[in-house]
Amino acid sequence: MIISIGKNRSLVLAVSVLVTGCATVPKDAGFSEVQEQVNQRGGYQVRWHTGGAEDQAVEQRLRAMLQPGVTAEKAVQIALLNNPRLQATYEDLGVAQANLVQAGLLSNPLFHGQVTYGRDEDVTNFDVGVSLSFLRVFTIPLRKQLAGAEFAGAKLNVTAAVLDLAGEVRAAFYRAQAAAQTKDMMEQVVESTAAALYAAQRLHDAGNITDLRLANQQALHQEARLLMATAEMSLQQTQERLTVLMGFWGQDTQWRIAGNLPGLPEQPIKTEHIENRAIERSLDLQIARQKLAAIATRLGLDTNTRWVPELDLGYVVERDDGEYEDGISLGLQIPIFDLGQARLAAGRAEFRRAQQQYLATAIEVRSAARMARESVKMARAQTQHLEKVLLPLSQRIVNGTLLEYNAMQVGVFRLLQVQERQVELGRRYIDNLRDYWIARNQLEQILHGRMSQGGTGMAASASAASLSAAGGAGGH
């Protein structure tokens, strides 16, 4: 751009670098990379709702997935397509992408002017000028490098949020499935104790049993009803949690669970070299490395701008007593009181802290892998013991007691006792089978690259992504 005033003096300002002002923010914002990572690590499909026609097609697909019932895989896929908090997390990509574009832009020129009027003479004097932060031209590469590191970190954080939600939904589904299975079993127990109470009442009316025995049977039936109510409440709570994770409300909340918990697989999950596999796949470590890169770049930017924090170059035109003068203006911040030593010290401390955090994360990943492996082994062993030893043994005891009851060698209450023991073992088996699948899910999450498990995973990732994006490229 050329400005010419007065005595035909001119100054070329900001030359070709001003072209960067035409930069635009890409719409994808790195989401395709997130999709690829999520698919490679978990085989999941994700979509960013942008208000287009394709969003309606997704809604129709979600409703179709509810029929005839929801499985674990369906629940995970529904949540990844429909969870509003996850959709909110995707916006962090847009913020980080915008910061990357912003880092490559020059600051807008600053226009300034002054007009004075003579008191004794009818004379008007003025001076006008335009200035530009010239130092930013030289720091653009570093600023773009910093914003690029933070953008890469945002993509990793969003990928982590997706995997966290998938793991959380799968664990919640296993809990809901176990609660439904327990409720069904307790319904049978209530019916059984009701029948036994009816028989006991008739025996009592005939004078064949005492009041104490009738009271015991009444207590057994009421206890079964109480356990039934507890199972119903547990099912309602676990289903409600799953409904929230899947992002449903209104009529869509009337979904149902398909089937019971799957039995133990014939072959245990492979856990050889589990620590090395966890380290290689760890998103937590990738996020920590990206944080180190961003801090190192920011430290380099602080070092380069330590002695000249601000440098403005401009062009001014002045009219004094009817004469025009023009020239170049220069604004320089002189580092006298603030030599940048505090910023550099803080940056170095932050870098050392990030290094130690990286080491701590590596140790935690290894430990989490070992603990998850042992949890799966223990849960599998306990469930197998119940399935292959205790439950068959309990059934043999029930069958033998039933034969003795039919032969009038034992009373009805002895039969009820062994049946009650069998019900308790059945509940334990369901709980252990649930714990096995939750432990296996946690191990698979670690092998997908995430330590986080339960309700905190996605929230933590979203918070980290927000902080990374908020730091942006404009902090220095």
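If you read the sequence from its start, that first residue is 1, and numbering goes on from there. In what follows, every heavy atom counts, from backbone to side chain, and hydrogens, waters and symmetry copies are set aside. Predicted model, so just to flag it, every value in this text is computed and none were measured.
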Non-hydrogen atoms of [X] and [Y] that approach each other most closely:
{"X": "Val365", "Y": "Ser282", "result": "CG2-OG, 3.6 Å"}
{"X": "Glu275", "Y": "Arg366", "result": "OE1-NH1, 3.1 Å"}
{"X": "Ala79", "Y": "Val169", "result": "CB-CG2, 3.5 Å"}
{"X": "Met186", "Y": "Ala224", "result": "CE-O, 3.9 Å"}
{"X": "Val190", "Y": "Met228", "result": "CG2-CB, 3.7 Å"}
{"X": "Ala369", "Y": "Ala278", "result": "CB-CB, 3.8 Å"}

Within the side chain of [X], is there an N or O that forms a donor-acceptor pair under 3.5 Å with the backbone of [Y]?
{"X": "Gln357", "Y": "Arg352", "result": "no"}
{"X": "Ser192", "Y": "Gln188", "result": "no"}
{"X": "Lys74", "Y": "Met65", "result": "yes"}
{"X": "Thr383", "Y": "Ala379", "result": "yes"}
{"X": "Thr271", "Y": "Ile274", "result": "no"}
{"X": "Arg41", "Y": "Ala160", "result": "no"}
{"X": "Arg289", "Y": "Tyr358", "result": "no"}
{"X": "Gln181", "Y": "Asn260", "result": "no"}
{"X": "Asp284", "Y": "Met451", "result": "yes"}

Item to check | Set of residues satisfying side chain to side chain donor-acceptor pair (under 3.5 Å) with respect to Gln40, sequence neighbours excluded | outcome: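 Expected list: Glu36.
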
Checklist entry - Checking side-chain contact (heavy atoms from CB on, under 4.5 Å) for the pair Arg434/Ile438: CA distance, chi angles, key distance, verdict? => result CA-CA 6 Å; Arg434 173 203 63 200; Ile438 291 177; 3.9 Å; yes

Checklist entry - Parallel, tilted or perpendicular: which fits the ring planes of His448 and Tyr44, with parallel below 30° and perpendicular above 60°? => result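 Correct class here is perpendicular.
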
Any non-hydrogen side-chain atom of [X] less than 4.5 Å from a side-chain atom of [Y]?
{"X": "Leu66", "Y": "Val70", "result": "yes"}
{"X": "Phe248", "Y": "Leu242", "result": "no"}
{"X": "Leu447", "Y": "Arg281", "result": "no"}
{"X": "Arg143", "Y": "Leu146", "result": "no"}
{"X": "Gln382", "Y": "Tyr436", "result": "no"}
{"X": "Ile257", "Y": "Phe173", "result": "yes"}
{"X": "Asn83", "Y": "Met246", "result": "no"}
{"X": "Gln442", "Y": "Ser375", "result": "no"}

Working to the nearest 0.5 Å, report the span between [atom1] of [X] and [atom2] of [Y].
{"X": "Leu261", "Y": "Ile430", "atom1": "CG", "atom2": "CD1", "value": "7.5 Å"}
{"X": "Arg373", "Y": "Ile446", "atom1": "CZ", "atom2": "CD1", "value": "11.0 Å"}
{"X": "Glu350", "Y": "Ile295", "atom1": "CD", "atom2": "CD1", "value": "4.0 Å"}
{"X": "Glu374", "Y": "Lys377", "atom1": "CD", "atom2": "NZ", "value": "5.0 Å"}
{"X": "Glu187", "Y": "Thr182", "atom1": "CD", "atom2": "OG1", "value": "11.5 Å"}
{"X": "Lys291", "Y": "Asn157", "atom1": "NZ", "atom2": "CG", "value": "10.5 Å"}

Less than 4.0 Å between a side-chain N and a carboxylate O, is that true for [Y] and [X]?
{"X": "Glu150", "Y": "Arg298", "value": "yes"}
{"X": "Asp431", "Y": "Arg428", "value": "no"}
{"X": "Glu424", "Y": "Arg427", "value": "yes"}

Item to check | Verdict with supporting geometry, Leu245 and Glu168, side-chain contact (heavy atoms from CB on, under 4.5 Å) | outcome: CA-CA 8 Å; Leu245 291 175; Glu168 186 175 0; 3.9 Å; yes

Next on the checklist: Assess the residue pair Leu386 and Leu425 against the criterion (side-chain contact (heavy atoms from CB on, under 4.5 Å)); give the C-alpha distance rounded to whole Å, side-chain angles, the decisive distance to 0.1 Å, and a yes or no.
Outcome noted: CA-CA 8 Å; Leu386 279 164; Leu425 286 175; 4.1 Å; yes

Item to check | CA sep, side-chain torsions, deciding dist, call: Asn276, Ile279, side-chain contact (heavy atoms from CB on, under 4.5 Å) | outcome: CA-CA 5 Å; Asn276 292 338; Ile279 290 293; 5.6 Å; no

Item to check | Verdict with supporting geometry, Trp48 and Gln35, side chain to side chain donor-acceptor pair (under 3.5 Å) | outcome: CA-CA 10 Å; Trp48 188 352; Gln35 287 178 308; over 6 Å; no

Checklist entry - Are Gln237 and Arg241 close enough that a side-chain donor and a side-chain acceptor fall under 3.5 Å? => result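 Looking only at side-chain atoms, Arg241 and Gln237 do not form any donor-acceptor pair under 3.5 Å.
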
Checklist entry - So, Lys155 and Gln37: side-chain donor and acceptor under 3.5 Å apart, yes or no? => result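 On atom types as modelled, these side chains do not qualify, holding no pair under 3.5 Å.
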
Item to check | Residues, nucleotides or ligands: over 12 heavy atoms within 6.0 Å of Gln236 CD | outcome: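 It does not: Gln236 CD has 12 such atoms or fewer within range.
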
Checklist entry - Above 12 or not: heavy atoms from other molecules or residues under 6.0 Å from CZ of Arg225? => result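 It does not: Arg225 CZ has 12 such atoms or fewer within range.
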
Checklist entry - Just one of Thr253, Asp252, Thr238 clears the side-chain contact (heavy atoms from CB on, under 4.5 Å) bar with Thr243, so which one? => result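 With Thr243 as partner, Thr253, Asp252, Thr238 yield a single side-chain contact (heavy atoms from CB on, under 4.5 Å), made by Thr253.
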
Item to check | Partners passing side chain to side chain contact (heavy atoms under 4.5 Å, CB included) against Gln45 (at least two apart in sequence or in another chain) | outcome: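 Residues passing side chain to side chain contact (heavy atoms under 4.5 Å, CB included) with Gln45: Arg61, Gln77.
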
Checklist entry - Yes or no on salt bridge (charged side-chain N to carboxylate O under 4.0 Å, His left out) for Glu444 and Arg440, after CA distance, side-chain angles and deciding distance? => result CA-CA 6 Å; Glu444 290 173 344; Arg440 183 182 173 116; 3.4 Å; yes

